Structures are given as C-alpha cells and as structure tokens.
Number of protein chains: 4
Amino acid sequence: MNKESTGGRPISAQASAALKEAALRLVRAKGYNKVSIAVIAKEAGVARQTLYNRWNTKADLVLDALFEEAQNYAAAPSLNDTRDSRVLLEEFLTNVFHHLTDNGDMMRALIAAAQIDRAFHDTFYAKFVLPRDRMITDLLRLAQTRGEFSSDRNAELVSGFIHGAFWYRLLNRKALNADFARAIISEFFD
Amino acid sequence: MNKESTGGRPISAQASAALKEAALRLVRAKGYNKVSIAVIAKEAGVARQTLYNRWNTKADLVLDALFEEAQNYAAAPSLNDTRDSRVLLEEFLTNVFHHLTDNGDMMRALIAAAQIDRAFHDTFYAKFVLPRDRMITDLLRLAQTRGEFSSDRNAELVSGFIHGAFWYRLLNRKALNADFARAIISEFFD
Amino acid sequence: MNKESTGGRPISAQASAALKEAALRLVRAKGYNKVSIAVIAKEAGVARQTLYNRWNTKADLVLDALFEEAQNYAAAPSLNDTRDSRVLLEEFLTNVFHHLTDNGDMMRALIAAAQIDRAFHDTFYAKFVLPRDRMITDLLRLAQTRGEFSSDRNAELVSGFIHGAFWYRLLNRKALNADFARAIISEFFD
Amino acid sequence: MNKESTGGRPISAQASAALKEAALRLVRAKGYNKVSIAVIAKEAGVARQTLYNRWNTKADLVLDALFEEAQNYAAAPSLNDTRDSRVLLEEFLTNVFHHLTDNGDMMRALIAAAQIDRAFHDTFYAKFVLPRDRMITDLLRLAQTRGEFSSDRNAELVSGFIHGAFWYRLLNRKALNADFARAIISEFFD
DNA sequence: GTCTAAGCGAGACGGTACGTCAGGTCTTGCT
DNA sequence: AGCAAGACCTGACGTACCGTCTCGCTTAGAC
C-alpha cells in the first residue's frame, strides 16, 4: 500500500544514501558514541533536518544503514543446500562471527541503544534480531526433517540458546571465532 | 597500603548511603536514563561534587548500589547443600530470574552502559558478571564430582551458555520465569 | 504598464485574497510573531511559494492586507468639510485611535518589522506612514488658509509632533482614547 | 536588598563584562539582528549557557550593556543648573540626539524588540523609557517653579509629546540634529 | 587551642549534543 | 507559466547534561 503522492519534491535518495554511508564510516572509524548526529549530517553534506525527516535517532539511522549493507551478504543459509546441517550451521555462525568481529562495537552500541530506548528496541528486534533468530530456527527445523537434529527438541528454544551464547560473548568482549562456532555445534547437536 | 591521612574532614558515610538509596529508588521509579546525576544528588540532599568524589559515572554508582543491595540476598547456591544439583541450579536460576524481573530495566541499562563505556565494562565484568558466572561454573563442577553432570563437559563453557540463554531473553525483553529455568536445566543436564 | 502575458496559467486572484484574509485573521487571533508564513499559507490553502511570488516577507503581506482593508474606511478627513478644523482633526484622531486600539499589536509589529528590515521600512513608510502624515499636514494647511491655525507654524513639523505623540503612546502600550485626542488638539491649536 | 547568597561559586564579573562588551561591539559593527546569541557568547569567550544564566534574551543583554554604558554619561540635566530652562533642555536633547545618532540602529532594534516581546517591553520601559521620560518631566516642573514654563501646562503630557517627537523621527530614520532640538524648544516653550 | 587538610553544600562555568522551528529555495507533476 | 505539495539547506533557538571549578563552612586529627 503505497502512499498516494499528490505532488511535491521527491525525497532525495542521494541524501539518504550519503547519510547511511557517512554514518557507517564514521561509526566504524571513531566509535558509535563518539559520533554526533550533526557530524554525520555535515560529513554527508546534508542538512541536519533532512536526517530528522527520515530517522528519529542516530540508532535508527545506523540500524537502517547496517541493515541495508547486510542485504548484500548471503546472510541466511540456503535451505536447499544438501550438506549436513552441522556444516550449514557452522558456516553460518562463522559468517556471523566474522561480521560481529568487524562490527562488534557497532553491534554492541545498537544493542545498548535498544536497552535505553524502547521504541528503538522494537524496531531493532523486528528488523534485526527476530529475522536472524528465525534463520537458525528454520535451519534447525530443516535438520529435524532430515533427521539430523532430534525432533523432540524445541527448535525455537535452541535457537535462542545459540544466539544467547554468542551475544553473551559479544557483550562481554570475548573473541568470537571458529572454535566457538564448533563448540556451539557440538553442544546443541548431540 | 592506606592513604596516609594527615587530617581533614572524614568522608560522610551518610552521604554515600543517601546517594545509593536515591539512585536505586529513582532509577526504579523513572527508569535509568530518565534520571540524571544532578537529580540523584539533589534527591539525596548531597552536592554533585560529593557524588563525583566517589564514583566516576552514574553507572558506577548504580552498580555499587545494586551490588550492595544484593549482598543482603543469599546469592550463591551453597556448595554444602546435598540436594540434587539440578534442584540447586533451578533454585538459583529462579532466584536470579526474580531479581531480574524486578530490576530488569536497571540491569539492561547497566549492560548497555558497559557497552558504551569501556572503563565501566571492566568494573561491571569484574564485580558483577564474572562472579555470577563463577557461581554456576562452581555449581557445575560440584555436580561433576557428584556424578550428576558429565565430566566430559566444559563447565566454564556451559556456564556461559546458561548465562547467554537468559541474557538474550533479558535483553530482548522476554519473560524470565520458572518454566524457562526448567527448560535450561533439561537442555544442559544430560 | 501591464506585464506582457505570453501564455501560461494566470495569477489566481483568489489565492491572493485568501492569503490576505488568512494573514489578518491569524495575526489578530494569535499575534503577529506567533504566526509563521507556513501557517498562513496552509490556512489559506495555498502553496508557500505562491506567497513568495507576491510578497517578500510576512510584513509585506500583512501591510498589504491591512492597507487594502483600510481602503474601505473613509480614512482622510474631507477637505470640503466646513466644520472647524479642530473638530475635523479630533474626529480624525479619534478614528485613528479606534483603529489602533483594535489593531495595536499588528501596528506595533509592523513598526517593529520596519526597524529590523530596511527594505520593508521603505515600503511601510511610503505606503503607510507618509500618506497618513500628509493627511494631517494637509488638514493643518487648510486650517491655516481658514485662519484657524497660525500661518507662522510649520504644518509638516507639527504633523510630525502629532504623530509622534500617539506613536509614543502606542509603542509604550498606553491607552489611546478621546481624551488624548483632545489633549493633542489643545496643545497644538493654541 | 541583596540576594542572600548561601554559597556556591560566585558569578564571574569578567564573564558578564566580556558579554556586554562583545554584545555592544558586535551589534554596532554588524547590526542588531545580524548578531546571534551564539556569536556574542563565542566572541566573549564564554559558554552560551552562561549568557542564559544572566539574561533571557539578546535584547535583555544589549539593554543592560547599553544602560551600563550610559551610566558613564552625565545623562540627566542637573536641576541645580541656574541657566535658563530652554538652554538646559536644548543641551539635554542635543546630547540625547548625539547618542541616538551613534546608536540609532541599536535603539530602533530595542524598541522593536519591546514590541515583539512583552516581558522585554516591561523591562525596557521601566529601566530605560520611563527614567528618561521623567528627566524631562522633572526639568519642565523645575522650569515651572522658575516661571520659565507656564504652570498651566501638564509637564508629564508635554514630556510625552517631546519624546514622541524624536521617537517618530528616530523610527522613520530622519535626522536628529540641533535644529530639531531647537524646533522642539520653540514649539513647547511659550 | 590554634593550625591545617580535606569533605561538604551550593552553584557558576566551559562544553557538547540535542530536537525544534522558521525562512527561503528547489523540484515534481498537475492545470 | 502559475500552482499545490513538499523536500531541501541554512542557521538560530532554548534545553539538558556533563564534568570542573570556586566559594565559604564544617569537621577532626596534628601540633
């Protein structure tokens, strides 16, 4: 259901793109909370008000930028892949861990922002957390149909356990590496 | 090595207590980030500088206050308790979940603060996270000596999994209740 | 000299009228500087740019609107009126004071705008102040030909004194009433 | 009646002085409404909030600065001066006109600000307009006791007329010179 | 008993960032 | 070519905190 446009200047896709690009670049360079909204706008060569026209907070902008960037990655494991589920999960986790290692500060900042701002929490959960949670749930269910993961287990619950496992390490600034991915596999794939 | 006192007015224990009390009360009433340092000081009837004399940040103060309050609870499961380890762990988790249910916003705020401020992260981890992590590690090791938990398992790792499980739910604002405690037990025991 | 029309959509007289009407109404209702250009345009159901096509500033628009409205009043004293000049002037001043009492805020705002914006000052002076100044000058000169006002006096100067007298009261938010009109008469008609 | 100080860092006279000096200098150099609060504060080397601690608006600050500066002038005509009242008034008006010629833009801006902001109007009237009005009223009353000004005249009213006369010229950007001072004298004396 | 060092309440100070608002300019499609 | 709609840039505004500082006062051990 599109908004019925009855005229008016169209919003500038260029401005949005410049803002997202600047936001990610600055946040990666200086750290999330060392970057102000004003600086992002100035760096993007865009008026501050234009930023407020699209996003309510810095977190909204960064989440949006990160989300868009993530679209370019083959994020979800393919459910048509015939390799063993353990392999698929390990591959997926390894990918995620690479991403988290590169963007750890940003992810921690976004999770922090979600704790502070209820409205942002809801967006963050719906757009970021839940979809990723579902990817593992779906993978586990696939594994169950294949007989590689016990049908007695609650896939949703286990997906939460898996996410919790690496969130806990992320938030406590512990390394997320291939070893840990394997540890998770051998814990939950009995 | 004590600081050599060569005179001067002693610090007021009353001021510290009033600050901690006010901090917890206000944070519980209005939410962590709706309370400013200035308001806590004013509510405690104390000068702002007096607060800075003791703590560097609001998070430090609140952590300290919360930590002190927690001392009054029998936090750690007794290792002399002869009941089944499953029961001990379930009891412990249920206690923790009660506490988290009452102080969820504050705990989320502290975890958020730890993501934003590296110095606070270190204090928070050392004074809060690690000790609690150890309680479960120790309990699991006890269970191993009793033969109630497989000696092949890495107690430290599993403790991290358990904490991750409820951190993930805490941070995503899901309920933490007795059912979830039991789900954890049956996931990780056997 | 009419603008040579080379085709295109004609100017909408309706839009201009709606803008003037909305401007006066809103300024009277909410006060001059509580009303923005955007609000006037929206209230008139007109695009903001359309307003800019005709007037440069809010002050220009309001002045124009006020000026037009004033056309409907028999503003200047008739020079064919055979009554005593004192009576004519008193009647004129009383009329002016009524108008100023009703539109005091707007007039003060216009005078203020003229102090702030040089270009507006010139328009305001030429279209509003000077014509009204001349009305009294002319009246005084008539009185001189009739022998009701000393021919030695400088009519232009005295007109300035008279206007100054009520501007000073207007700008200092003092009442402008019939008593004051009489006081002026007896001061300057010796 | 001093404010009862109950402790706290004393306000910095230096900061206030720097702000007033910067305000007058910038306003004289660039014009009242081309100077923002932020620029004044920056030019004074003072935090913006410090300015807000003392004055509510730019107009308040500038009025204060101008008022203070005026203290250094022998503003009011001495009532012990035995010269003819006409001479005293002429001298006073000439002084005022010099001041207004130098600070015309600022004075027009302050009068404009008083029309826009009711709170500022009251301050401006009480601290600036009324005292100056009284100076002439007092002078006229002195002239009455000396028999140099008819006792039948209402000194207060005439003072208003005199002020109105030069306000009107000031606000319409006409020259205020010695000739006009003399014209006023000869209008209202005898 | 003075001296001295430090804690304390109070509150001003220099800063940074925020979100809002108004004014003017532009771009689009419609009339 | 005027118009409605509305996004855009600019720049000022007032507020909220932050952490530091400067007072005058008080506390209590040292001399």
Side-chain angles (χ1 to χ4, degrees), chain A residues 5-16 33-39 41-42 45-54 56-58, chain B residues 3-16 33-39 41-42 44-54 56-58, chain C residues 3 5-12 14-15 33-39 41-42 44-54 56-58, chain D residues 5-16 33-39 41-42 44-54 56-58:
Chain A
S5 174
T6 62
R9 177 174 178 173
I11 68 168
S12 160
Q14 210 181 344
S16 297
N33 57 322
K34 294 287 179 61
V35 177
S36 72
I37 285 184
V39 166
K42 171 162 277 186
V46 151
R48 206 148 45 92
Q49 185 57 51
T50 300
L51 194 159
Y52 283 112
N53 286 345
R54 291 170 174 64
N56 292 322
T57 64
K58 182 170 59 164
Chain B
K3 196 207 281 198
E4 208 59 39
S5 174
T6 62
R9 179 172 177 173
I11 69 169
S12 158
Q14 208 181 345
S16 297
N33 57 321
K34 294 289 179 60
V35 177
S36 71
I37 285 186
V39 166
K42 172 161 277 185
V46 150
R48 208 144 44 91
Q49 184 58 51
T50 300
L51 193 158
Y52 284 112
N53 287 345
R54 291 167 174 67
N56 292 322
T57 64
K58 182 171 59 163
Chain C
K3 199 207 278 196
S5 173
T6 62
R9 180 171 177 175
I11 283 185
S12 160
Q14 210 181 344
N33 57 322
K34 293 290 179 58
V35 177
S36 71
I37 285 185
V39 166
K42 172 160 275 183
V46 149
R48 215 140 43 90
Q49 184 57 52
T50 301
L51 193 158
Y52 284 111
N53 287 345
R54 291 168 173 66
N56 292 322
T57 65
K58 182 170 58 163
Chain D
S5 174
T6 63
R9 179 173 175 172
I11 67 171
S12 160
Q14 209 181 345
S16 297
N33 58 318
K34 294 288 179 59
V35 176
S36 72
I37 285 185
V39 166
K42 172 161 277 185
V46 151
R48 206 148 48 92
Q49 185 56 51
T50 300
L51 194 159
Y52 284 112
N53 286 344
R54 290 170 176 63
N56 292 322
T57 63
K58 183 171 55 162

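Every chain is numbered from 1, with letters handed out A, B, ... down the list of sequences. Bear in mind that the values here come from a model prediction, so they are computed numbers and not experimental data.
Annotation for A38(C) and R48(C): closest pair CA-CD, 3.6 Å, computed over non-hydrogen atoms. In this structure, K58(A) and N33(A) approach most closely via the heavy-atom pair NZ-CA, 3.8 Å.
How far CD1 of I11(D) is from CG of N53(D): 9.0 Å, rounded to the nearest 0.5 Å. Separation of atoms OG (S16(B)) and CG (L51(B)) is listed at 9.0 Å; rounding is to 0.5 Å.
Within 6.0 Å of the CD atom in Q49(D), the count of heavy atoms belonging to other residues, nucleotides or ligands exceeds 12.
Of the candidates dA12(E), dG7(E), dA12(F), dG7(E) carries the atom nearest the I11(B) side chain, counting heavy atoms from C-beta on. Side-chain proximity of S36(B) to the nucleotides dG23(E), dC18(E), dC17(F) is greatest for dC17(F).
Close to dC23(F), at under 4.0 Å from its OP1 or OP2, lies no side-chain N or O of R9(D). Under 4.0 angstrom from either OP1 or OP2 of dA4(F) there lies at least one side-chain N or O belonging to T50(C). Residue N53(C) places no side-chain N or O under 4.0 Å from the OP1 or OP2 atom of dG2(F).
Rounded to whole Å, atom C1' of dT10(F) lies 11 Å from atom NZ of K42(A). Across the protein-nucleic acid pair, I37(D) atom CD1 and dG11(F) atom C1' stand 13 Å apart, rounded to whole Å. Rounded to whole angstrom, the span from the NZ atom of K34(C) across to the P atom of dC21(E) amounts to 14 Å. The interatomic distance linking Q49(B) (CD) with dG24(F) (C1') rounds to 16 Å, in whole Å. The separation between Y52(C) atom OH and dA1(F) atom P is 23 Å, rounded to whole Å. Nucleotide dT26(F) holds its C1' atom 14 Å from the CD atom of Q14(B), rounded to whole Å. Counting to the nearest Å, the P atom of dC13(F) and the CZ atom of R48(A) are 13 Å from each other. Taking atom CZ on R54(A) and atom C1' on dG19(E), their separation rounds to 17 Å, with Å as the unit.
Along DNA chain E, the nucleotide nearest to P10(A) and the one nearest to K58(C) differ in position, and the one closer to the 5' end is contacted by K58(C).
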